[in-house]
J.: 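Let me begin by handing over the structure; questions about it come next.
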Amino acid sequence: MRATWAVLAVVLMAASARAEESPAAREVMNHLTRGARNTRVGDWVTYRFDGGAGGQRIYYWRMAVVGEEKDKQGRDAVWVEMEAGTHPAMKSPLMQMRMLVAREGEQIQYDAISRLYVGGPTDRPQEYSQEALDHVMRKMGQEAKDDKLPHPDEDKEPLPAGLKPVLRSSKEMRVMTLAGTVSAVQIELVVKKTVVKRMWISREIPLMQLAKMEIPGIAHSMEVAEYGIDAKPRMVLPPPSAPKVRLEYADRVFPNLPDMDAPQDAAPEEASP
């Protein structure tokens, strides 16, 4: 899961910041500007993940925008719900999360979360206290910074020309998905002649504009299974008087979405009581 967000961020940020420099980025931007839907309350999308192992590591992840209000700082914000489970309809989900996220114009700022509720497969949802939420956000921010730092063991010499990653794209095409046929642009990350990752970006898919993703080397894939514009809140929130997640066990309660890069015998952690 973390790998998916990282790849999307790199592709879309490069497309918006350096569209004039990259033919692949220009192709994506041209596709999105021809009718991409601005995120609105009610937008939702469900993805099917296949983690390899002969189809024995299949699970689903759903994201939905279910409300809007001002946050504590007076910013426009939306309530975003996320669920993960082994059933496309999220029967008995392994994880539920609801967060109030600031938005700037039509852009949701996922690093600006002001309220957070988390529930597990056997735990009722709990809201994070402010100090616990601040701790989690600091930790996530530090992990994001660490991911950008060069590894100490990496060779400082420039890579040979044939080993430099290359981003290439296709023209707009019609692509079949589990949710139907959509218009999309294919993006490939290639090293030498090996395709490391392949994605199909579609303006028709709400929220993430991602139709498919494949990592051929490890037989992992992600594909849109359903999407729509009629999402309603699904998490049953605790009463205001219910105990909140405290700082001392925030890390243990905060669940990890199933990680596409995890070893095959890995399993999602259960939330602590």
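Below, each value reflects all heavy atoms present in this structure, side chains not excepted, and no hydrogens, waters or symmetry copies. Quick caveat, the model's predicted, so the values are computed rather than measured.
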J.: What is the minimum heavy-atom distance between Ala231 and Val66, and which atoms define it?
T.: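 Shortest heavy-atom contact: CB-CG1, 4.4 Å.
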
J.: Can you check whether Ile108's main-chain N or O pairs, donor with acceptor, with Arg103's side chain at less than 3.5 Å?
T.: no

J.: Does a side-chain N-to-carboxylate-O contact under 4.0 Å join Glu83 and Arg234?
T.: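 Between Arg234 and Glu83 there is a salt bridge, with a charged N closer than 4.0 Å to a carboxylate O.
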
J.: Using a strict 4.0 Å threshold on nitrogen-to-oxygen distance, state whether Arg115 and Glu127 make a salt bridge.
T.: yes

J.: Is there a path of hydrophobic side-chain contacts, each under 4.5 Å between heavy atoms of I/L/V/M/F/W/Y residues, joining Met199 to Leu207?
T.: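 Yes, it is one cluster - the side chains of Leu207 and Met199 are joined through contacts under 4.5 Å.
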
J.: I'd like to check Gln73 versus Ser114 (side-chain heavy atoms, cut-off strictly below 4.5 Å). Are they in contact?
T.: no

J.: Search all heavy atoms of Ser170 against all heavy atoms of Val185 and return the closest pair with its distance.
T.: O-CG1, 3.4 Å

J.: Please determine whether residues Met63 and Met95 belong to a single hydrophobic cluster, defined as Ile, Leu, Val, Met, Phe, Trp and Tyr linked transitively by side-chain heavy-atom distances below 4.5 Å.
T.: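 Yes, Met63 and Met95 fall within the same hydrophobic cluster.
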
J.: Within the distance-only criterion (no hydrogens, no angle test), does the side chain of Asp123 pair as donor or acceptor with the backbone N or O of Gly120 below 3.5 angstrom?
T.: no

J.: If we only count heavy atoms from C-beta on, is the Arg98 to Leu237 side-chain gap below 4.5 Å?
T.: yes

J.: To the nearest 0.5 Å, what is the distance between CG on Asp50 and CD1 on Ile58?
T.: 4.5 Å

J.: Considering all heavy atoms of both residues, which atom of Pro238 and which atom of Pro125 are nearest to each other, and what is their separation?
T.: CG-O, 3.5 Å

J.: Donor-acceptor pair, Arg174 side chain versus Thr181 backbone, under 3.5 Å?
T.: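 Here the side-chain-to-backbone pair exists.
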
J.: Would you say Glu104 has more than 12 foreign heavy atoms packed within less than 6.0 Å of its CD?
T.: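 Not buried by this count: 12 neighbours or fewer within 6.0 Å.
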
J.: Are the side chains of Val136 and Arg138 in touch, meaning some heavy atoms are under 4.5 Å apart?
T.: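 The answer is no; the side chains never approach within 4.5 Å.
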
J.: Hydrogens and angles aside, do Lys171 and Gln186 bring a side-chain donor and acceptor to less than 3.5 Å of each other?
T.: no

J.: Within the distance-only criterion (no hydrogens, no angle test), does the side chain of Thr177 pair as donor or acceptor with the backbone N or O of Ala179 below 3.5 angstrom?
T.: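 Side chain of Thr177 to backbone of Ala179, a donor-acceptor pair under 3.5 Å: yes, one is there.
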
J.: Determine whether Met137 and Ile113 satisfy the following criterion, side-chain contact (heavy atoms from CB on, under 4.5 Å), listing intermediate values before the conclusion.
T.: CA-CA 8 Å; Met137 296 304 296; Ile113 300 172; 4.0 Å; yes

J.: In sequence, state the C-alpha distance, the side-chain angles, and the governing distance for Gln130 and Lys244, and then conclude on side chain to side chain donor-acceptor pair (under 3.5 Å).
T.: CA-CA 9 Å; Gln130 189 60 53; Lys244 295 184 178 181; over 6 Å; no

J.: Could you check if a side-chain atom of Tyr60 sits within less than 4.5 angstrom of a side-chain atom of Leu94, using non-hydrogen atoms only?
T.: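 Result no, sub-4.5 Å side-chain heavy-atom pair not found.
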
J.: Looking only at heavy atoms, what is the nearest atom pair of Leu189 and Pro165, with distance?
T.: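 So the minimum-distance heavy-atom pair works out to CD1-CB, 4.0 Å.
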
J.: Can any side-chain N or O of Glu204 pair as donor or acceptor with the backbone N or O of Ser183 at less than 3.5 Å?
T.: yes

J.: Does Tyr47 form a side-chain contact (heavy atoms from CB on, under 4.5 Å) with Ile205? I'd like the steps, not just the answer.
T.: CA-CA 11 Å; Tyr47 288 98; Ile205 308 299; 3.8 Å; yes

J.: Please determine whether residues Val190 and Ile218 belong to a single hydrophobic cluster, defined as Ile, Leu, Val, Met, Phe, Trp and Tyr linked transitively by side-chain heavy-atom distances below 4.5 Å.
T.: no

J.: If the plane angle is over 60° it's perpendicular, under 30° parallel, otherwise tilted; pick one for Tyr117 and Trp79.
T.: tilted

J.: Output the distance between atom CG (Leu210) and atom OG (Ser202), rounded to the nearest 0.5 Å.
T.: 9.5 Å

J.: Quick one: CD on Gln96 to CE on Met82, what's the gap to the nearest 0.5 Å?
T.: 13.0 Å

J.: Working to the nearest 0.5 angstrom, can you tell me the gap between Met97 CE and Leu116 CG?
T.: 6.0 Å

J.: To the nearest 0.5 Å, what is the distance between CE on Met222 and OH on Tyr59?
T.: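 Reported value, rounded in 0.5 Å steps: 9.0 Å.
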
J.: Which pair of heavy atoms, one from Ile215 and one from Val196, lies closest together, and at what distance?
T.: CG2-O, 3.6 Å

J.: Lys70 vs Asp76, test: salt bridge (charged side-chain N to carboxylate O under 4.0 Å, His left out). Steps then yes/no.
T.: CA-CA 5 Å; Lys70 297 285 187 179; Asp76 292 332; 2.5 Å; yes

J.: Please report the closest heavy-atom contact between Val101 and Gln109, naming both atoms and the distance.
T.: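 Heavy atoms of Val101 and Gln109 come nearest at CG1-O, 2.9 Å.
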
J.: Between Tyr227 and Thr46, does a side-chain contact (heavy atoms from CB on, under 4.5 Å) hold up when you go through it step by step?
T.: CA-CA 6 Å; Tyr227 62 93; Thr46 299; over 6 Å; no

J.: Take atom CD1 in Ile229; do more than 12 heavy atoms of anything else shown fall under 6.0 Å from it?
T.: no

J.: Roughly how far, to the nearest 0.5 Å, is the CD atom of Gln107 from the OG1 atom of Thr39?
T.: 7.5 Å

J.: Say whether Val65 and Val45 are linked into one hydrophobic cluster, either directly or through other cluster members, by side-chain heavy-atom distances under 4.5 angstrom.
T.: yes

J.: Test Val224 against Leu178 for side-chain contact (heavy atoms from CB on, under 4.5 Å), laying out the working first.
T.: CA-CA 6 Å; Val224 62; Leu178 295 171; over 6 Å; no

J.: Can you confirm whether Met176 is buried at CE, in the sense that more than 12 heavy atoms of other residues, nucleotides or ligands lie under 6.0 Å from that atom?
T.: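 Open: at most 12 neighbouring heavy atoms sit under 6.0 Å from CE of Met176.
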
J.: Side chains of Arg57 and Phe49: closer than 4.5 Å at any heavy-atom pair?
T.: no

J.: Give a yes or no on whether a salt bridge exists between Glu223 and Arg48, defined as a side-chain N under 4.0 angstrom from a carboxylate O.
T.: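 No salt bridge links Glu223 with Arg48.
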
J.: Is it true that Trp44 and Tyr110 fall in one hydrophobic cluster, defined by side-chain heavy atoms closer than 4.5 Å?
T.: no

J.: Would you call Val80 and Val78 a side-chain contact if the rule is heavy atoms closer than 4.5 Å?
T.: yes

J.: Between Arg203 and Glu172, does any side-chain N to carboxylate O distance fall below 4.0 Å?
T.: yes

